[in-house]
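Quick notes on the structure that follows.
Computed from a prediction, not measured in an experiment: that's the story for all the values here. Letters A, B, ... mirror the listed sequences (proteins, then strands); counts begin at 1. In what follows, every heavy atom counts, from backbone to side chain, and hydrogens, waters and symmetry copies are set aside.
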There are 2 protein chains.
Amino acid sequence: MAKFKLDEVDHQILDMLIDNTRTPFTDIAKRLLISAGTVHVRVKKMEDAGIIKGSSLTLDYEKLGYSFIAYVGVFLEKTHQTKFVLERLNQIPYITVAHITTGKFNIFCKVRARDTNHAKEIIFKIDDIEGVYRTETMISLEESINDKKRLMHTIFNEI
Amino acid sequence: MAKFKLDEVDHQILDMLIDNTRTPFTDIAKRLLISAGTVHVRVKKMEDAGIIKGSSLTLDYEKLGYSFIAYVGVFLEKTHQTKFVLERLNQIPYITVAHITTGKFNIFCKVRARDTNHAKEIIFKIDDIEGVYRTETMISLEESINDKKRLMHTIFNEI
DNA sequence: GGTGAAACTTCTAATAA
DNA sequence: TTATTAGAAGTTTCACC
């Protein structure tokens, strides 16, 4: 996949928008000593190029009663039908992310639950899917790192 | 942690903002047949309550040359210093997420890299951290599920 | 590429219901 | 709690560098 070249101005714009997608373009313009029109054009260009895929809210799931996070590795049976199992997994809304992987597991997912009991229910549901041989659960005690900005800065400095 | 009560209107507002945080409040108002002022008040209330923690851009890392994703489980030595190792991990920008876990691993992280070689470098760096006994890598072949909306809908319907 | 200003749209807070 | 309103603020376009 080809690299898209971002210059320092693009980088600074992204930097401000990553923190808050509703940062007014006029604020960004003031900070970068450019015009708001330029900010607008730059953002549009990055959107058109697909570098900016979209924007999203970060909700506090703990405040909504969902403080339990676990990662679940799924082993499939020899005659496994990855697609079939993924479709079933996709019906469990508490599974927020799933990857097909090589290595220890065949499928690897992230689960958000209310508490231990709720997580148990979800994991049993996963175990019950046809084609799932067994699962292995890792419970998150603490999310210690979650930083999207550092990677972006590193990528920028490489270019 | 106490649940915060969201009504149908809050839910619909979140639903639209999760897809695009820059959706004009006037658009949301039109769709929900309420006034823009009401949307504004509701959003502010959810921000003040901390339900909405923030907003962020979704970048296409593949387009930026980072198409490799792996999950790395870290085993620490018996006399392990989790905090020390986390500090070292935090210095590697390609580690975008890390959790302290119970279960198979002591620490569990997500790695974003350019390619297999780059990933190898990063994993060797993790292996070299003092206190790390060994690591186990799961390479993502495909991100098959990544859906934040389904969970929100489910949470809402429970309340 | 960028600017600056005009035209248009949206936000926000005060007031009223 | 919600609606209305109006001035402030932000966005977007465009003629011109």
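One finds no side-chain N or O of B:R22 lying less than 4.0 angstrom from the OP1 or OP2 phosphate oxygen of D:dG10. For B:T38 and D:dT2, the shortest distance from a side-chain N or O to OP1 or OP2 is not below 4.0 Å. Of the side-chain N and O atoms in A:R42, none sit less than 4.0 angstrom from OP1 or OP2 of C:dG1.
Here the side chain of A:I34 is nearest to one of C:dT12, D:dA3, C:dT3, namely C:dT3. Checking D:dG10, C:dC11, D:dT2 against every side-chain atom of B:F25, the shortest atom distance belongs to C:dC11.
Using a 4.0 Å heavy-atom cutoff across all strands shown, B:T26 reaches sugar-phosphate atoms only and no base atom. Residue contacts for A:K45: at a heavy-atom cut-off of 4.0 Å it reaches the sugar-phosphate backbone alone, with no base atom in range.
Going from atom NE2 of A:H40 over to atom P of D:dC14 covers 11 Å, rounded to whole Å. In this entry the distance linking CG of B:D27 with C1' of C:dT10 reads 10 Å, nearest Å. In this structure, the CG atom of A:L17 is 14 Å from the C1' atom of D:dT11, given to the nearest Å. What separates CZ of A:R31 from C1' of D:dG10 is a distance of 18 Å, to the nearest Å.
Between the side chain of B:T101 and the backbone N or O of A:M138, no donor-acceptor pair lies under 3.5 Å. For A:D10 (side chain) and A:D7 (main-chain N/O), a donor-acceptor pair under 3.5 Å exists by modelled atom type.
For the pair A:R112 and A:Y66, the cation-pi criterion (under 6.0 Å, within 45° of the ring axis) is not fulfilled.
Between B:F108 and B:H99, the distance separating the two ring centers is not shorter than 6.0 angstrom.
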